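Working notes, structure below.
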Amino acid sequence: MTMNVVSIDSLTKHPGESVTIRGWVYHLRAKGKLAFLVLRDGSGIAQCVFVKSEVDDATFDEAQRLSMESAIEITGEVRLDARAPGGAEIGVRAMKTYQKAAADFPIQPKEHGTGFLMENRHLWLRSRKPWACLRVRDAVIRSIRGFFYERGFVNIDSPIFTPAACEGTSTLFEVEYFDEKAYLTQSGQLYAEAAAMAFGKVFTFGPTFRAEKSKTRRHLTEFWMIEPEVAFAELNDIMDLAEAMLCHIVKSVLAERREELTILERDITKLEKIVPPFPRLSYTDAVDLLKQKGLPFEYGGDLGAPDETAIGENYDRPVMVHRYPHEVKAFYMKRDPQDSRFALCVDVLAPEGYGEIIGGSQREENLDILEGRIADHKLPREAFAWYLDLRRFGSVPHSGFGMGLERCVAWLTGVDHLRECIPFPRMLYRIYP
RNA sequence: UCCCGGAUAGCUCAGUCGGUAGAGCAGCUGACUGUUAAUCAGCGGGCCGUAGGUUCAAGUCCUACUCCGGGAGCCA
């Protein structure tokens, strides 16, 4: 007889059938002549019931002695039962053990400190919350790709090794590149601009590295960034694009990952409110708002993390703050023709204190102005020769933004630390496992 | 780089006024036919982060260091 191997998430489609499931022991409660074993197979968890009179003695005995995370295969009949988590359970007939796990599996179904859990990240991935959180991440990635592909964007990967700083501000990881120095990329944007002049609408999606010694729940040294870049787009166009993208992501996650959000105890009603239009505030309006709220703030400075939280608190959906003073922004941003004190840029602040998830701008397309900026910022002109070429051959208005994937996932899942939103986080003082 | 907090059993923590170490959970042994982090009984388990100092006596007080957590700046 051939085995009817099924995944746990499909059990409710097989009531009354004899099926086989394969996975790892998630929990075991032995009760004399009855034993409840919760099996985890990656798609979900299912309760398997061993009744002493229904299996042979050796199997019953072996089941009672299984350790957590032992790898097994179970064959039995699917029963719909309200008492079982997930609504379906298996009445066990037979069991095969692939490996009995060592008795000291470190992760227990109880409180652990985050330091300990991060030290055991390779095993922690098997727990419910990491499982749920990383499945939301997966859904977000798929949703983003779908969003851009549906709109005719081309995925162009930017290089990881770069010859110089993209923005000339943050600290980069330096690596040996044969006989030269190279740096790990902190942004694919400049390359995306080149690609936009070749393909019109592009996005890059890849890892990004920042060597700043930031030690907070909002920072990773290695994170994933999505960066669309659009030829002929102006600031308002990419603000519309960012708004549409975020709404699309939220919609997909609500449709495909409701169970995971429930496991994470996320307040889903907060996500259901994420619909257009998003509030749009100029920097000047944002500063007025901060003053109204009684926060000490000097006009002209950049918004700090507490300021962003205060602004975000005022709204139930992401806020777009645009037109910051150009002094606090990158050299490549175009200045506002209406008022040259400001840059044509936008930061999107997530609600509930999650802070900046997107930063974007309209780029300076004029060759002379851009050359002047590079000189003003004391950047090495030779390194930007190719970037300046883009302004010599068919330069057009163009705009784009970058979204930090993990920051977006942290907001959607409601977890309080970015490290839970990437499988193996790289942080200041943590590169294990 | 700066500011704040922490380090005691495998894990989470308690440890008073300075007097030679405690609990819950996990592990192991046993009981139990509907458990949901089962319950009950029993058994093992410790260089109190490292080094120095004060003291008759230090987990406890002092100094330095190491490691960890959070925050600021910077950013996504």
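These values consider heavy atoms only, across backbone and side chains, with no hydrogens, waters or symmetry-generated copies. Order of the sequence lines fixes the chain letters, A, B, ..., with proteins taken first and strands second; residue numbering starts at 1 for each chain. Please read these numbers as outputs of a predicted model, since none were measured by experiment.
Using a 4.0 Å cut-off between charged nitrogen and carboxylate oxygen, A/E356 and A/R218 do not count as a salt-bridge pair. Contact check on A/R135 versus A/E256 returns no salt bridge, with no Lys/Arg side-chain nitrogen under 4.0 Å from an Asp/Glu carboxylate oxygen. Salt-bridge annotation for A/K293 and A/E313: present, with a side-chain N of the basic residue lying under 4.0 Å from a carboxylate O of the acidic one. The pair A/D138-A/R257 meets the salt-bridge criterion, with a side-chain N (NZ, NE, NH1 or NH2) lying under 4.0 Å from an Asp/Glu carboxylate O. A salt bridge links A/R363 with A/E229: the closest approach of a Lys/Arg side-chain nitrogen to an acidic carboxylate oxygen falls below 4.0 angstrom.
Taking the ring centroids of A/F50 and A/F36, they lie at or beyond the 6.0 Å cut-off. In summary, the aromatic rings of A/Y177 and A/F161 are positioned with their centroids under 6.0 Å apart.
Spacing between B/rC17 and B/rC43 at atom C1', rounded to whole Å, works out to 36 Å.
Side-chain N/O atoms of A/K31 include none lying less than 4.0 angstrom from OP1 or OP2 on B/rU35.
With the 3.5 Å cutoff on both pairing distances, Watson-Crick and G-U pairs in RNA chain B assemble into runs of at least 3 at B:1-7 with B:66-72, B:10-13 with B:22-25, B:27-31 with B:39-43, B:49-53 with B:61-65.
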Heavy atoms under 4.0 Å is the rule here; annotate nucleotides 65-71 of chain B 5' to 3' with B where the base is hit, S where only the sugar-phosphate is, and - elsewhere. ---SBBB
Given protein heavy atoms under 4.0 Å, the one-letter contact record of nucleotides 39-47 of chain B, with B base, S sugar-phosphate only and - none, is simply ---------
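Between the side chain of A/Q47 and the base of B/rU35, a donor-acceptor pair under 3.5 Å is found.
With centres under 5.5 Å and a plane angle under 30°, the ring of A/H219 is stacked against the base of B/rC75.
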